[in-house]
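Structure record follows, encoded as structure tokens.
All values below come from the heavy atoms of this structure, side chains included, with hydrogens, waters and symmetry mates left out. Here the structure is a predicted model, which means the values were calculated and not measured.
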Amino acid sequence: MINGDSHCIPIALSLGANLGDRLHALRYAIKSMSAIIQDIIVSNVYETEPVGFKEQPSFLNCACIGYTNSTLEEIMVLINAVHQALHRKPRPKWHEREIDIDILLFGDSVIESEHIMIPHPRLHERAFVLRPLSDIAPEMIHPLKQKTIQALMATCEDDSAVVFHCDSTVF
């Protein structure tokens, strides 16, 4: 990972979309997030099977990492603005998404509130999150599991398909 400003916090995000122009949605989200994430690095993009509700189109997923001096609240405001700009509609959990942006890690913070949990509570269980994140941050440590992303990927029991779609040069 690139060394950030001493006041900046490392951050990792997961992004996915399975409706509309999926690649455009990921590009727009990454560009928008780069307004508050410095030294942003984007993973390869993967086509993935839906989790939970299976009767829906496949997703495109990627991850990004970088550094931010924004607060968690400021990051959440921007994520919500991106969701709105891409016309994300409210749907049941694990259903279709025009865009979905999740904060996976925020430094070594452990946060539990009614609005957000960091690290993301299912990060270590999801191949569609771990595969892209391991492309760009294999040595990043999960603050609760005390394992690298690479180690979590190696022991992940999720056998859903995660197939290379395109590399990060599309961003």
Side-chain angles (χ1 to χ4, degrees), residues 1-5 8-52 57-68 70 75 78-79 82-83 86 94 97-110 116-171:
M1 202 174 198
I2 299 170
N3 289 330
D5 179 305
C8 288
I9 297 170
I11 186 170
L13 303 174
S14 175
L15 300 94
N18 75 336
L19 292 177
D21 186 340
R22 301 171 302 165
L23 196 54
H24 167 76
L26 296 178
R27 283 183 181 134
Y28 180 89
I30 294 290
K31 183 177 180 186
S32 298
M33 297 311 296
S34 68
I36 62 170
I37 298 176
Q38 301 167 20
D39 300 328
I40 198 165
I41 299 171
V42 182
S43 73
N44 293 321
V45 177
Y46 293 88
E47 184 126 12
T48 64
E49 293 180 281
V51 171
S58 62
F59 279 81
L60 287 186
N61 287 97
C62 67
C64 69
I65 59 170
Y67 295 89
T68 188
S70 296
I75 295 164
L78 182 54
I79 288 172
V82 172
H83 286 174
L86 291 170
W94 297 327
R97 299 283 185 254
E98 289 80 7
I99 188 68
D100 189 31
I101 305 170
D102 289 322
I103 301 171
L104 302 174
L105 300 167
F106 190 65
D108 58 2
S109 298
V110 176
I116 191 163
M117 291 180 70
I118 297 176
H120 191 283
R122 290 170 298 285
L123 160 63
H124 63 287
E125 299 171 351
R126 301 270 174 82
F128 73 87
V129 174
L130 289 169
R131 175 71 258 156
L133 189 56
S134 67
D135 284 350
I136 55 175
E139 299 304 316
M140 189 175 262
I141 303 289
H142 188 294
L144 292 175
K145 301 291 181 188
Q146 289 300 303
K147 292 183 179 179
T148 65
I149 298 304
Q150 185 174 27
L152 292 171
M153 182 67 210
T155 59
C156 182
E157 295 179 8
D158 178 5
D159 62 356
S160 59
V162 178
V163 180
F164 176 82
H165 181 76
C166 60
D167 65 37
S168 62
T169 59
V170 300
F171 298 101

Of all residues at least two apart in sequence or in a different chain, which pass the side chain to side chain donor-acceptor pair (under 3.5 Å) check with [X]?
{"X": "Thr155", "answer": "none"}
{"X": "Ser168", "answer": "none"}
{"X": "Ser34", "answer": "none"}
{"X": "Ser14", "answer": "none"}

[X] side chain near [Y] side chain, heavy-atom distance below 4.5 Å:
{"X": "Ile37", "Y": "Leu13", "value": "yes"}
{"X": "Phe171", "Y": "Cys62", "value": "yes"}
{"X": "Leu23", "Y": "Cys166", "value": "yes"}
{"X": "Ile103", "Y": "Ile79", "value": "yes"}
{"X": "Pro10", "Y": "Leu105", "value": "no"}
{"X": "Glu157", "Y": "Glu125", "value": "no"}
{"X": "His165", "Y": "Asn44", "value": "no"}
{"X": "Leu133", "Y": "Leu123", "value": "yes"}

Quick one: list whatever passes side-chain contact (heavy atoms from CB on, under 4.5 Å) with Ser134, sequence neighbours left out. Arg131, Ile149, Met153
Which value, rounded to the nearest 0.5 Å, describes the distance between [X] atom [atom1] and [Y] atom [atom2]?
{"X": "Met117", "Y": "Arg122", "atom1": "CE", "atom2": "CZ", "result": "8.5 Å"}
{"X": "Ile9", "Y": "Ser70", "atom1": "CD1", "atom2": "OG", "result": "9.0 Å"}
{"X": "Leu78", "Y": "Thr68", "atom1": "CG", "atom2": "OG1", "result": "9.5 Å"}
{"X": "Ile116", "Y": "Ser109", "atom1": "CD1", "atom2": "OG", "result": "10.5 Å"}
{"X": "Cys64", "Y": "Leu104", "atom1": "SG", "atom2": "CG", "result": "8.5 Å"}
{"X": "Asp102", "Y": "Asn61", "atom1": "CG", "atom2": "CG", "result": "9.5 Å"}

On a heavy-atom basis, which atom in [X] and which in [Y] lie closest, and how many Å separate them?
{"X": "Ser58", "Y": "Pro50", "value": "CA-CD, 4.3 Å"}
{"X": "Ala127", "Y": "Pro132", "value": "O-CD, 3.9 Å"}
{"X": "Glu98", "Y": "Leu86", "value": "CB-O, 3.5 Å"}
{"X": "Cys8", "Y": "Tyr67", "value": "CB-CB, 3.6 Å"}
{"X": "Phe59", "Y": "Gly16", "value": "CD2-C, 4.2 Å"}

Do side-chain atoms of [X] reach the backbone of [Y] as a donor and acceptor pair under 3.5 angstrom?
{"X": "Asn18", "Y": "Arg97", "result": "yes"}
{"X": "Asp135", "Y": "Ser43", "result": "no"}
{"X": "Glu49", "Y": "Ala161", "result": "yes"}

Test log, rule side-chain contact (heavy atoms from CB on, under 4.5 Å), inputs Ile75 and Phe106: CA-CA 10 Å; Ile75 295 164; Phe106 190 65; 3.4 Å; yes
Could you walk me through whether Leu144 and Val110 pass the side-chain contact (heavy atoms from CB on, under 4.5 Å) check? CA-CA 8 Å; Leu144 292 175; Val110 176; 3.7 Å; yes
Could you list all the salt bridge (Lys or Arg N to Asp or Glu O under 4.0 Å) pairs where at least one residue sits in residues 17-29, not counting sequence neighbours? Arg22-Glu47
Atom CG of Asp108: over 12 foreign heavy atoms under 6.0 Å: no
Applying side-chain contact (heavy atoms from CB on, under 4.5 Å) to Leu60 and Leu15, what does each step give before you reach the verdict? CA-CA 8 Å; Leu60 287 186; Leu15 300 94; over 6 Å; no
Could you give me the CA-CA distance, side-chain angles and deciding distance for Arg126 and Val51, then say whether side-chain contact (heavy atoms from CB on, under 4.5 Å) is met? CA-CA 9 Å; Arg126 301 270 174 82; Val51 171; 3.9 Å; yes
